[in-house]
Amino acid sequence: MDIDMAHEENLSIGVFIDGGYYAKINEGFAGAKEVNLKGLLNFICRKIAQDNNIDRERLYVTECHYYRGRYRAAEAKSRNLLFEERKFEDMLIENDVIFHYKHLRTAPNGGVIEKGVDTWFALDTYEMTVFREFDFVVLISGDADHEMLARKLKALKTHVVLLTWDPANTASTSRFLKEEVCTHIDMNSLIAADRSLLQTLTL
């Protein structure tokens, strides 16, 4: 998407977070650190402004949405997860993040199934982009299933940004997703080039 640099109106950013992917980022720090979400959202604004030659003061994250499957209350209580879940939700609320949860299902073998969250993520992201007319949409995800989402968002003339981060270097982002978006922000590469970023983006 070509941004008219002479146009002085403010520009909007919609951020959409795949909760399962976000959890893997934090797991990559092995409990030593966790993502500073406020710092990450500020960084996203600065990076988009820098990459597109836009005045930082004109860019705003107008909406941020988080999607995740989670246990029902009784199951979470039996797993001693209620406090951690509430603490995490406090952090989302403090950063004006709108969270969307879908109950996890138990498989016949006792495993856990997270079904429908990726589809919900994609449908909501597309619908909100249509109605909110975001100038930029940032996807924090690595899921190959979001390749078609990125393509559809571009058809709306929206600049699609993919942000990926793998602190433990244990996962790979879908090549097709990276190729489909307009801009890929690879946090591993940026932090390797500037270690001070890690202090800003973690707690």
Side-chain angles (χ1 to χ4, degrees), residues 1 13-30 34-35 37 40-41 43-44 47-48 51-52 61 63-71 88 92 97-109 111-132 134-193 197 201-202:
M1 180 184 68
I13 303 171
V15 178
F16 295 85
I17 303 172
D18 176 336
Y21 185 83
Y22 189 89
K24 288 178 182 176
I25 297 174
N26 280 324
E27 288 167 9
F29 292 120
E34 64 182 61
V35 178
L37 184 56
L40 182 61
L41 293 175
F43 169 81
I44 286 170
K47 181 65 175 165
I48 289 176
D51 290 349
N52 295 277
V61 174
E63 289 190 40
C64 183
H65 295 262
Y66 172 93
Y67 294 80
R68 185 82 195 270
R70 76 172 182 182
Y71 293 107
F88 183 76
L92 295 179
V97 178
I98 302 166
F99 43 90
H100 310 262
Y101 291 119
K102 188 173 177 61
H103 282 137
L104 295 170
R105 300 179 186 175
T106 303
N109 63 3
V112 176
I113 302 172
E114 185 179 55
K115 194 168 182 63
V117 177
D118 286 341
T119 302
W120 189 17
F121 176 101
L123 289 172
D124 268 8
T125 302
Y126 183 79
E127 181 180 55
M128 280 186 258
T129 302
V130 169
F131 289 106
R132 307 292 202 273
F134 299 123
D135 297 291
F136 296 87
V137 164
V138 178
L139 306 176
I140 300 180
S141 176
D143 197 327
D145 290 343
H146 294 146
E147 173 196 350
M148 291 308 299
L149 168 62
R151 185 176 300 179
K152 287 293 187 180
L153 292 174
K154 289 193 302 182
L156 299 174
K157 299 187 180 347
T158 301
H159 189 112
V160 184
V161 179
L162 174 68
L163 186 145
T164 59
W165 194 353
D166 180 19
N169 291 300
T170 56
S172 60
T173 301
S174 164
R175 174 173 62 87
F176 300 106
L177 178 58
K178 288 190 289 187
E179 291 175 353
E180 192 62 54
V181 298
C182 305
T183 303
H184 176 209
I185 300 176
D186 178 0
M187 298 306 303
N188 280 28
S189 298
L190 293 176
I191 290 170
L197 265 179
L201 300 177
T202 57

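Put simply, the side chain of Val160 reaches to within 4.5 Å of the side chain of Leu139, judged on heavy atoms. Leu37 is listed as a side-chain neighbour of Val97, based on a closest heavy-atom distance under 4.5 Å. Looking at Tyr126 and Val137, their side chains never come closer than 4.5 Å, going by heavy atoms from C-beta outward. Using a 4.5 Å heavy-atom threshold, the side chains of Thr202 and Val35 count as separate. A heavy-atom distance below 4.5 Å is not found between the side chains of Ile140 and Phe16. Side-chain contact check for Arg68 versus Tyr66: some heavy-atom pair is nearer than 4.5 Å. For the pair His103 and Tyr71, the minimum side-chain heavy-atom distance is 4.5 Å or more. You'll find the side chain of Met187 reaches within 4.5 Å of the side chain of Leu163, heavy atoms only.
The structure places CZ of Arg70 at 10.0 Å from CG of Leu104, a figure rounded to the nearest 0.5 Å. Interatomic distance, NE2 of His146 versus CZ of Phe121, reported as 4.5 Å (0.5 Å rounding). Rounded to the nearest 0.5 angstrom, Lys24 NZ and Asn26 CG are separated by 13.0 Å. Of the inter-residue distances, the one linking Thr173 atom OG1 with Lys178 atom NZ reads 5.5 Å to the nearest 0.5 angstrom. Distance SG/Cys64 to CD1/Ile98: 8.5 Å, rounded to 0.5 Å. Expressed to the nearest 0.5 Å, how far CG of Asp166 lies from CG of Asn188 amounts to 5.5 Å.
The shortest non-hydrogen separation linking Cys182 to His159 is CB-NE2, 3.6 Å. Of all heavy-atom pairs between Ile25 and Pro167, the closest is O-CG, 3.5 Å.
Between Val138 and the choices Ile13, Ile17, Val181, Leu41, the side-chain contact (heavy atoms from CB on, under 4.5 Å) rule is met once, by Ile13.
Remark: Glu179 pairs with Arg175 by the salt bridge (Lys or Arg N to Asp or Glu O under 4.0 Å) rule, at least two apart or across chains. Lys47 is linked by a salt bridge (Lys or Arg N to Asp or Glu O under 4.0 Å) to Asp51, counting only residues two or more places apart in sequence or in another chain.
Residues in residues 140-153 take part in these salt bridge (charged side-chain N to carboxylate O under 4.0 Å, His left out) pairs, two or more places apart or across chains: Glu147-Arg151, Arg151-Glu180.
Tyr67 and Trp120 have perpendicular rings, their planes meeting at more than 60° on a 0 to 90° scale where under 30° would count as parallel.
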Going through the distances and angles, do Trp165 and Leu201 end up as a side chain to side chain contact (heavy atoms under 4.5 Å, CB included)?
CA-CA 11 Å; Trp165 194 353; Leu201 300 177; 3.7 Å; yes
Would Tyr21 and Thr164 count as a side chain to side chain contact (heavy atoms under 4.5 Å, CB included) if you check the C-alpha gap in whole Å, the side-chain angles of each, and the deciding distance to 0.1 Å?
CA-CA 9 Å; Tyr21 185 83; Thr164 59; 3.3 Å; yes
CA sep, side-chain torsions, deciding dist, call: Phe43, Leu197, side chain to side chain contact (heavy atoms under 4.5 Å, CB included)
CA-CA 9 Å; Phe43 169 81; Leu197 265 179; 3.9 Å; yes
Full working for side chain to side chain contact (heavy atoms under 4.5 Å, CB included) between Phe136 and Asn52
CA-CA 11 Å; Phe136 296 87; Asn52 295 277; 3.7 Å; yes
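Thr158 places no side-chain N or O within 3.5 Å of a backbone atom of Lys154 that could act as its donor or acceptor partner.
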